[in-house]
Amino acid sequence: MAKRKAMIAGNWKMHTTVVDGCQLAVDVAKFCTGFEDREVLIAPPFTILSEVSHVVKETEILIGSQNVCWEEKGAFTGEISPAMVKDAGGTVAIVGHSERRQIFAESDDLVNRRLKGGLASGLLMIFCIGETLKERDDGRAFAVLADQLRKGLHGISPKSMEKVVVAYEPVWAIGTGKTATKEQAQETHAFIRGFLEEIYEKNVAEQTRILYGGSVKPDNVDALMSQADIDGALVGGAALDAESFGRIINFTL
Ligand code: 13P
């Protein structure tokens, strides 16, 4: 099996204006030094996608949006289409983030439509899943993840899976400073990969990158990345500080 390329993605969430976002991108780019074994992505807010893409144009940094609609245009107030993401210089979109699911009540079905829409337009899609603390404490984490995977990936062909990256973000670890231990994360990633094998086939399961997200920091990234089924990180808070994100990008095994 060809080795899966690592991906370190920074989700800037609802942070940064034009000036500080562009500066952050310039500073992050200094830490990207011609990697062959990893990709670096930043997902700024919609309002500065275009400016930040421009800033990183000559670098290896990929640009992604934090969400995307399934339609190319039309009466969808508050949404952004795959064509708009591409027009702004983006090649990637995140869907199904737990903040979208929990705060904005996005259902599995909606996430599935977003995922299909982005894929149809050729975007690389980061599909997020994750259980709450209560679900984990009740012993239902794997059942919840299986359900999110089954519904979110409904109707997506094995071929299209080449353009899907799964991000496992336990809700209880997001922004809390509480990371899953490397063993907990590895166990869950292995479960996700096994489930992909069940609903697709071994090849798909082995080629699909699975990122971990939830309080990834400079001091825990190496341990997480050394796990067999952890192929990258989706970083929130620490992605807003160039030094921290730079260290995370430069994880060592
Ligand atoms: P934190 O790294 O701030 O926990 O956020 C994780 C996240 O939600 C990335 O999408």
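The figures here come from the full heavy-atom set of this structure, side chains too, leaving out hydrogens, waters and symmetry mates. Just follow the structure's listing: the first ligand is 1, and inside any ligand the first atom is 1.
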Trainee: List for me each residue that meets side-chain hydrogen bond (donor to acceptor under 3.5 Å, both in side chains) alongside T17, sequence neighbours excluded, and say none if there are none.
Mentor: D20
Trainee: If you measure only the distance, is there a donor-acceptor pair under 3.5 Å linking the side chains of H97 and E169?
Mentor: yes
Trainee: Quick one, list the residues around ligand 1 where some non-hydrogen atom comes in under 4.0 Å, by chain and residue number.
Mentor: N11, K13, H97, E169, A173, I174, G175, G214, S215, L234, V235, G236, G237
Trainee: Determine whether a donor-acceptor pair (N or O, by modelled atom type, separation under 3.5 Å) exists between the side chain of D108 and the backbone of G152.
Mentor: no
Trainee: Considering residues at least two apart in sequence or located in another chain, which fulfil the salt bridge (Lys or Arg N to Asp or Glu O under 4.0 Å) criterion with E39?
Mentor: R209
Trainee: Would you tabulate the side-chain donor-acceptor contacts of residues 7-16 under 3.5 Å, counting partners in other chains and residues two or more places apart, or write 'none'?
Mentor:
residue : atom : partner : partner atom : Å
N11     : OD1  : K13     : N            : 3.0
K13     : NZ   : E99     : OE2          : 2.8

Trainee: At their closest point, which heavy atom of L253 faces which heavy atom of M225, and how far apart are they?
Mentor: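 What the structure gives for the nearest pair is CD2-O, 3.2 Å.
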